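First listed ligand is number 1; within each ligand, the first listed atom is number 1. Values in this document were obtained by computation on a predicted structure and should not be read as measured data.
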Amino acid sequence: MYKLLIIGATSAIAQATAKVFVERHAQNIALFLVARDAQKLQSIAADLKVRGATAVNFAALDVNQFEQHQAVIQQAVQQLGGLDTVLIAHGTLDDQKACEQDFKYAEQCLRTNFLSVVSLLTPLANEMEQQRYGCIAVISSVAGDRGRQSNYVYGAAKGGLNTFLQGLRNRLFRSHVKVLTIKPGFVDSPMTAHLKKGALWAQPETVAVGIYQAIQKGKNEVYLPWFWYGIMTIVKNIPETVFKRLKM
Ligand SMILES: NC(=O)c1ccc[n+]([C@@H]2O[C@H](COP(=O)([O-])OP(=O)(O)OC[C@H]3O[C@@H](n4cnc5c(N)ncnc54)[C@H](OP(=O)(O)O)[C@@H]3O)[C@@H](O)[C@H]2O)c1
């Protein structure tokens, strides 16, 4: 039985990824879903069961309630009886201008996008280190690759996350636990509903297939869709003296 824990399970990308997993492991997959909206969780769980999941349980959690993390992780591990894969998907694209004006918005952005993930990964990494198998997959962003004036607080949270995941991957290598950093580009989801869409935009379903394949292949890092690897290689290599003059 494949055992999958998803945190931030109401996210559009997470929902699409859960469907891919259930499709590929039909009648042989148990899921534990975590998100803050219990009603949404209930309907997502019912849908995944109809699609062929063997068992779907869930727990409501606001990820900024750090003191509840240990108990929720314990509940998931007990209910599933181990963990093959953990996907962490929650996030918020906070208002950059508000973050610049008042630190309380920047703090909120860093708590949700960085600190909550570090807090969740502390008991999760220890659990997986003990069981000596499994994959920790975390949705970061291309925004973490280089700070830009339009979203550098969110970008700093994701950049910090990337460094944390690198270290965790290095630590867990000898325990045979894989750590996957997922870096999507622009994805058409509720998070980006207010933004104008263009040629570089992808659907959550496309990104979901990429996440599934990267987990199956045991990759360390994946850009989704693939062309973001090329774009970010160029962006990262622009000299700082030039980059600071650009409007990005
Ligand atoms: N969309 C993009 O262009 C894009 C690009 C790069 C990376 N990403 C990353 O991809 C991941 C998924 O985002 P998405 O595009 O699928 O957007 P989404 O559908 O808006 O999902 C964001 C999810 O985060 C959850 N969330 C936010 N704050 C939370 C909290 N305090 N406690 C619990 N859950 C919380 C939301 O829960 P509710 O449903 O309850 O609000 C929602 O399920 C995020 O990590 C995001 O940073 C997205």
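A cation-pi contact, defined as under 6.0 Å to the ring centre and within 45° of the axis, is absent between Arg51 and Phe21.
For ligand 1, the atoms lying closer than 4.0 Å to a non-hydrogen atom of Ser189 are 1 (N), 14 (P), 15 (O), 17 (O). Below 4.0 Å from some heavy atom of Ser141 lie the following atoms of ligand 1, by number and element: 6 (C), 7 (C). Close approach of ligand 1 to Thr10 is summarised as follows: ligand atoms under 4.0 Å from at least one heavy atom of the residue are 37 (O), 38 (P), 39 (O), 42 (C), 43 (O). For ligand 1 and Ile139, the ligand atoms under 4.0 Å from any heavy atom of the residue are 9 (C), 10 (O), 11 (C), 45 (O). Heavy-atom contacts of Ala89 reach the following atoms of ligand 1: 11 (C), 12 (C), 44 (C), 45 (O) (cutoff under 4.0 Å).
Using a 4.0 Å cut-off between heavy atoms, Thr112 contacts ligand 1 through its side chain alone, with no backbone atom that close. Residue-level proximity to ligand 1 for Asp62 is carried by backbone and side chain together, each with a heavy atom below 4.0 angstrom. Residue contacts with ligand 1 for Ser140 involve N, CA, C or O but no side-chain atom from C-beta outward (heavy atoms, distance under 4.0 Å). By the criterion of a heavy-atom distance under 4.0 Å, neither the backbone nor the side chain of Lys183 is placed next to ligand 1.
For atom 24 (O) of ligand 1, the closest heavy atom belonging to the protein is Gly91 N, 3.1 Å. Scanning the protein for heavy atoms near atom 23 (C) of ligand 1, the closest one is Ser11 CB, 3.6 Å. Protein heavy atom closest to atom 8 (N) of ligand 1, with residue, atom name and distance, is Tyr154 OH, 3.7 Å.
Aromatic ring centres of Tyr133 and His176 lie farther apart than the 6.0 Å criterion allows.
Counting only non-hydrogen atoms, the option in Gly185, Gly8, Ala193 that gets closest to atom 4 (C) of ligand 1 is Gly185.
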